[in-house]
Every structure is written in structure tokens, then in C-alpha cells.
Protein chains: 2
Amino acid sequence: MSHKTSIRLGLAGYGNLGRGLERAVAANPDLELKVILTKRDPTTIKSPYGTPADRFGNAANWRGQLDVVVLCGGSATDLPEQGPVLASLFNTVDSFDNHGKIPDYFAEIDRVARENRHLSLISCGWDPGLFSLSRVLFSSILPQGLDYTFWGKGISQGHSDALRRIPGVVDARQYTIPLEEALAIARSDLGRPLSPREKHRRECFVVAEPDADLAAIEEAIVNMPGYFADYDTRVHFISQSELHEKHNRLPHGGFVIRNAKTSENTGQVMEFSLKLDSNPEFTASVLAAYARAVFRMAQKGHVGAISVFDIPCGELSRFSPEELRRDFL
Amino acid sequence: MSHKTSIRLGLAGYGNLGRGLERAVAANPDLELKVILTKRDPTTIKSPYGTPADRFGNAANWRGQLDVVVLCGGSATDLPEQGPVLASLFNTVDSFDNHGKIPDYFAEIDRVARENRHLSLISCGWDPGLFSLSRVLFSSILPQGLDYTFWGKGISQGHSDALRRIPGVVDARQYTIPLEEALAIARSDLGRPLSPREKHRRECFVVAEPDADLAAIEEAIVNMPGYFADYDTRVHFISQSELHEKHNRLPHGGFVIRNAKTSENTGQVMEFSLKLDSNPEFTASVLAAYARAVFRMAQKGHVGAISVFDIPCGELSRFSPEELRRDFL
């Protein structure tokens with residue numbers, strides 16, 4: 001495919017998600033990654049695909065050379081700072097996932113993007129993202145019913161970080177595990193609201209300092225409010241080498257289930273699920289497809305901030321509307 | 001909710017799907033069913049909701065009084081005839097499911113709808129419809145992988161009709177049943193293309209004439225090309241009363257699975273599934289939500305024929321974009 005018909009992407013932030021995006025772009029013949037924008041020294045970036053790196057501060061130099069920039073930084077500090085800057089320069093896609101702050105973030109990105117005639121998709125990925133899409137689709141079709149979202153089995157970064165902040169803990173990983181009994185209830189005639197403890201359990205693999213008080217660490221974990229206190233939590237103390245060997249990947253996944261009735265004794269269950277060996281590689285694959293949609297919608301004149309709810313599914317595909325109707329409908 | 005803000009629907013065809021649509025409209029506070037258009041004598045239509053009925057031939061009298069008309073007839077004869085007529089008079093939604101003829105049907109509806117400044121959604125439901133949407137979404141996100149569509153466990157109308165055409169058969173129901181072993185392969189690292197026989201088996205419940213040659217009927221069934229010959233098929237002869245008692249519902253469902261790799265040894269599985277106690281009530285629920293989207297998109301100036309691939313998910317919901325971002329993202 002010639003460069004003329006490629007969609008020219010940039011990415012900002014070269015961690016797990018950024019490296020996943022580089023892979024995802026390589027899997028899509030109509031996408032091309034032109035530059036990695038980084039806050040680090042660009043000479044330290046070693047791309048296996050030979051993608052050039054440039055300082056984030058030089059982003060404005062790339063105006064006119066990038067169709068869409070995909071933000072691959074974190075929601076805590078990177079995106080609130082980089083989102084508005086990049087939306088002023090380019091069409092953008094990000095994975096902002098701080099749920100409580102989405103309305104404010106949307107408003108700011110919308111203002112900046114509109115002022116500069118750009119299109120910016122916020123909060124893309126799988127949750128928020130594909131799971132959000134499923135929740136809207138399912139509840140629109142079956143207005144009278146119960147919604148369930150389950151996460152896992154997978155590594156929760158936030159919970160792993162919480163473990164590492166406990167005194168005496170050197171390193172740790174936390175798996176969120178949906179309970180089979182709860183999934184069975186969610187899918188059955190017996191559908192009813194489920195408590196956090198009924199839906200998930202948490203499993204922690206912890207590397208402690210040699211002289212640490214293991215009982216005290218375990219107490220601190222299982223009683224930690226907001227993270228572990230509301231769940232059945234199991235703690236396993238293991239060595240750093242075992243942690244590296246057996247828990248060095250970032251698997252994840254989950255389930256969105258709608259359990260509804262359309263008439264008496266007539267149950268209808270809709271379900272969307274993911275089983276992911278690599279959370280960042282999958283999230284990056286979602287961002288790549290949505291970057292294509294943002295490019296196309298921007299070409300059609302859309303501006304401002306949008307969410308996954310605003311994008312027709314066909315815009316995600318590299319196939320034409322005629323091909324989609326013929327081969328996929 | 002006042003009549004002013006309701007979306008005024010008509011439906012054409014009052015079989016299982018039409019009755020399901022009437023129920024679905026009742027479950028949505030912003031939708032209102034104004035008329036049932038029928039080819040039968042309207043005085044024979046007894047709506048449990050008191051919806052008035054009118055002759056299909058009087059459809060033009062309802063111009064200006066209906067925002068969207070939902071076609072609830074069959075794809076074999078009703079829709080090719082009624083689709084263009086109604087698309088000339090109203091915005092429409094239909095469930096045209098003759099896959100091979102979709103491009104031609106789309107072209108004709110598109111022409112008529114554009115001439116009359118209407119918007120017409122074709123081939124909506126769950127397959128074609130939600131399953132099509134899943135196939136496009138999944139393959140856009142994971143371009144390198146395998147796609148699987150499984151149907152059932154559920155009653156196939158087409159296969160049940162084929163059974164009833166066999167001499168000596170009085171009545172019959174056919175269940176399409178996805179095989180657990182095949183589902184397990186589709187979801188696993190061992191994902192590979194699967195033959196029809198590997199994916200589904202077919203179970204037939206047959207009421208025969210009193211003096212019929214049962215062995216001959218069974219032979220005719222299991223060797224029927226295009227319907228049963230490529231599958232493991234089981235035939236059960238039962239009485240008419242048992243058929244009515246145990247097989248009088250129209251359950252269905254299925255699975256769309258994408259099994260892909262984003263890098264070596266990194267598998268990613270996406271899955272959408274349905275488990276439906278009533279196929280027509282669920283399909284009608286899908287049509288009702290999409291009728292809302294067609295109304296809104298028509299108000300925004302869209303005209304012509306569209307498919308589910310052209311509709312942003314948010315248009316299906318009765319909630320505002322702000323509410324969706326706050327509560328569902």
C-alpha cells in the first residue's frame with residue numbers, strides 16, 4: 001500500500017501500551033507509525049520497528065505530518081497534561097480511565113479540539129471502551145434488566161501498586177478473579193444484584209523483605225479499605241525470582257452481561273467477554289482501530305471531543321461499506 | 001412522558017415478530033406504537049395493547065403521523081415487496097436476512113429512500129445485525145485471527161420448514177446445537193478452522209402420519225443436502241401433543257468468537273453471545289432500539305439506506321450523550 005493511502009500516526013508515551021501500539025500498527029496495512037513522542041531522552045528509545053523518536057516538546061514540529069496521535073500515557077498525570085496540548089495540534093485518541101473525572105476531561109478536550117478544528121476520541125480501550133459500548137448496546141435493546149460487569153482473571157495495576165506501598169513489601173502482583181458461581185447467577189433465571197464479595201476474589205503474590213513481619217503484611221492487605229477489605233483476599237508470599245518467572249505477564253479480561261426479561265418467563269441474556277494474554281497489546285489494538293475511525297470522521301468534518309458511543313462500527317474497519325455489507329452483514 | 005416527545009412508530013406485519021415489537025415498544029417509555037399495518041382484514045387483529053390496525057394498502061394515509069415504520073414480515077416475499085413501498089412513505093427499519101441478496105436489496109431501498117428523503121435501516125436483528133456488528137468490531141481490532149459464528153441452541157425455522165416438506169411428516173421442529181468441543185477449540189490456543197459437522201449438530205422432533213414409513217423419513221432427513229447431510233443429525237419421532245407441549249417456544253442464541261494473536265504466544269479472544277428464550281421477542285427488542293436511532297439520525301438529516309455498521313451506538317439509547325458518558329463510560 002502506498003504512503004499516500006496510509007493513515008499517518010504518532011504516539012505519545014513509550015511504555016507497555018506504546019510498544020503494543022507499535023505492534024498493532026504493524027498488523028494493519030493501512031496504518032503507519034511516523035514518530036514516537038517521549039518525555040525521555042529520544043536517543044534512549046530503541047524501537048524494534050525502527051520508528052524515529054522525538055521529544056514531546058517538539059510535538060508542534062510534526063503538525064501537518066500526522067493524521068492522528070495516539071496518547072499512550074497514564075490517566076493520573078500524563079493525559080490531563082498531554083491531552084489538551086496534543087488536541088490543540090492533532091486529531092487524537094486516548095484511553096483516559098479516571099471515571100469520576102471523565103465529564104471534566106471531556107469538556108476541556110472538547111473546547112481545545114473545537115478551537116483548533118480537531119477531532120479527539122477520549123476514554124477508548126476496553127473498559128472504558130468496548131465494555132462501555134456493550135453496556136449501552138445491551139441496555140438499549142433490553143431496557144428492563146440487570147447489568148453485570150466482571151473483570152479478570154487478570155492483573156490489576158492499581159491493586160498491585162497498592163500492595164507495593166505497604167511497608168516491608170518489595171514487589172507484588174494482584175490478580176482479580178471473577179467467581180464462577182456469580183457468573184452462573186448473572187446468566188441464569190436467578191439473576192439478582194451481587195455484592196463485590198460475591199462477584200470477585202483477589203489473589204496477591206507478594207515478595208517481602210527478608211526480615212519482614214509476614215503476618216502484619218497480610219493483615220494490612222486483607223483489611224485495606226477500598227482495595228481489599230470488601231473481598232475475599234488470598235496472600236501468597238513468594239520469592240522475587242518466582243514472581244518474575246510466573247507472574248511477569250499482564251493477562252486480563254472480563255465479562256459484560258445483561259440479564260433481562262421481555263415477557264413473563266422469557267429470559268434474554270446478552271454477553272460480551274474478553275480473554276486476553278496481554279492487556280496492553282489488546283488495548284493498543286483497540287486504539288489502532290479507533291485511530292482509523294477518528295481519521296475518517298475528521299476527514300468528514302467532525303470536530304471536538306467524542307467517545308466510543310459516537311462512532312459507527314463500520315468506521316473502524318479498513319474495508320469499504322460495500323465490502324462490509326457483502327462479507328460481514 | 002408526553003406524546004410530544006414520543007417517537008411514533010408503525011409496524012407492518014403482525015406475526016410473532018410484530019407481536020414482539022408491540023411488547024418491546026411498551027418497554028420503552030419514549031416509543032409509541034400508533035398503528036399495525038396488515039395484509040389481513042384489520043378487524044381480525046386483536047392487539048393486547050389496543051393498537052389500531054389498518055390495511056397495508058392504506059399505508060399512505062399515515063404519512064406525517066409516523067416517525068418510523070418497522071417491517072415485521074418475512075424476507076422471502078414480504079420485504080422485497082413492502083420494503084420499497086414503505087421506504088417511499090416513511091423512515092423504515094427491517095430485518096431482511098437473505099444474505100446473498102443484501103447488496104441488491106440495499107441498492108433498491110437506497111434509491112427509493114433517497115428519492116423521498118427518508119432513512120431506511122435494512123438487515124437489522126441479531127444475525128444479520130448484532131452478530132454482524134461483532135464480526136466487524138472484532139476483526140477491525142484484531143486483524144490477524146480466526147472468526148467463528150455458532151448458532152443455537154435454538155429452533156431453526158428454515159430447517160423446521162424443510163422437515164415439514166417431507167412426505168409423511170405432519171409437523172416438526174429442528175434444534176441447531178453448537179458443540180461444546182468446537183466452542184472450546186474456538187476459544188483456545190488451538191484455534192483452527194472448523195467444518196460444519198464439527199461446529200453444530202441438528203436435532204429433529206418429528207410428528208409422522210400414523211402409517212408413515214419412519215425409517216424412510218429418517219433417511220430422507222439425514223441425507224438432505226444443504227440442510228442435514230453435512231451434520232450429525234438425530235431424529236426423534238414424537239406425538240403432536242408432545243411437540244406442542246415441549247417444543248412450542250422459539251428459543252435461540254449463538255456465539256461470535258474472534259481468536260487472534262497480537263504477538264507470539266499472546267492470544268486474545270473476543271466473544272459476543274446470546275441466550276434467548278424467545279427469538280422473535282429479542283429480535284423485536286433490537287428493532288425497537290434501532291428504530292429510535294433511525295428517528296434521531298433522520299432528524300439530523302441522514303437519508304438513504306444504511307446498515308447497523310453506520311449507526312453510532314449512542315443513538316440506540318434513550319439517554320443523552322452526557323448521561324451516557326457519566327453513567328456508562
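Chain identifiers are assigned alphabetically (A, B, ...) following the order of the sequence lines, protein sequences preceding nucleic acid strands; residue numbering begins at 1 within each chain.
B:F96 does not touch chain A: none of its heavy atoms, backbone or side chain, sits under 4.5 Å away. The contact between A:L130 and chain B is made entirely by side chain atoms (from C-beta outward), counting heavy-atom distances below 4.5 Å. Using a 4.5 Å cut-off between heavy atoms, B:L276 contacts chain A through both its backbone and its side chain. In this structure, no portion of A:F319 lies under 4.5 Å from any heavy atom of chain B. At a 4.5 Å heavy-atom cutoff, the contact between B:R187 and chain A is made by backbone and side-chain atoms alike. With a threshold of 4.5 angstrom between heavy atoms, A:A27 approaches chain B through its backbone and through its side chain. For B:R325, the parts lying near chain A are the backbone and the side chain together; criterion is any non-hydrogen pair under 4.5 Å.
Neither side chain, B:Q268 nor A:S285, offers a donor N or O lying under 3.5 Å from an acceptor on the other.
The two atoms that bring A:S140 and B:R292 nearest to each other are O-NH1, 4.2 Å, heavy atoms only.
If you run side-chain contact (heavy atoms from CB on, under 4.5 Å) between A:L329 and each of B:V136, B:V308, B:L133, only B:V308 comes through.
B:D277 places no side-chain N or O within 3.5 Å of a backbone atom of A:T266 that could act as its donor or acceptor partner.
Options B:G314, B:C313, B:S307, B:P128 differ in how many heavy-atom pairs under 4.5 Å they form with chain A, and the most are formed by B:C313.
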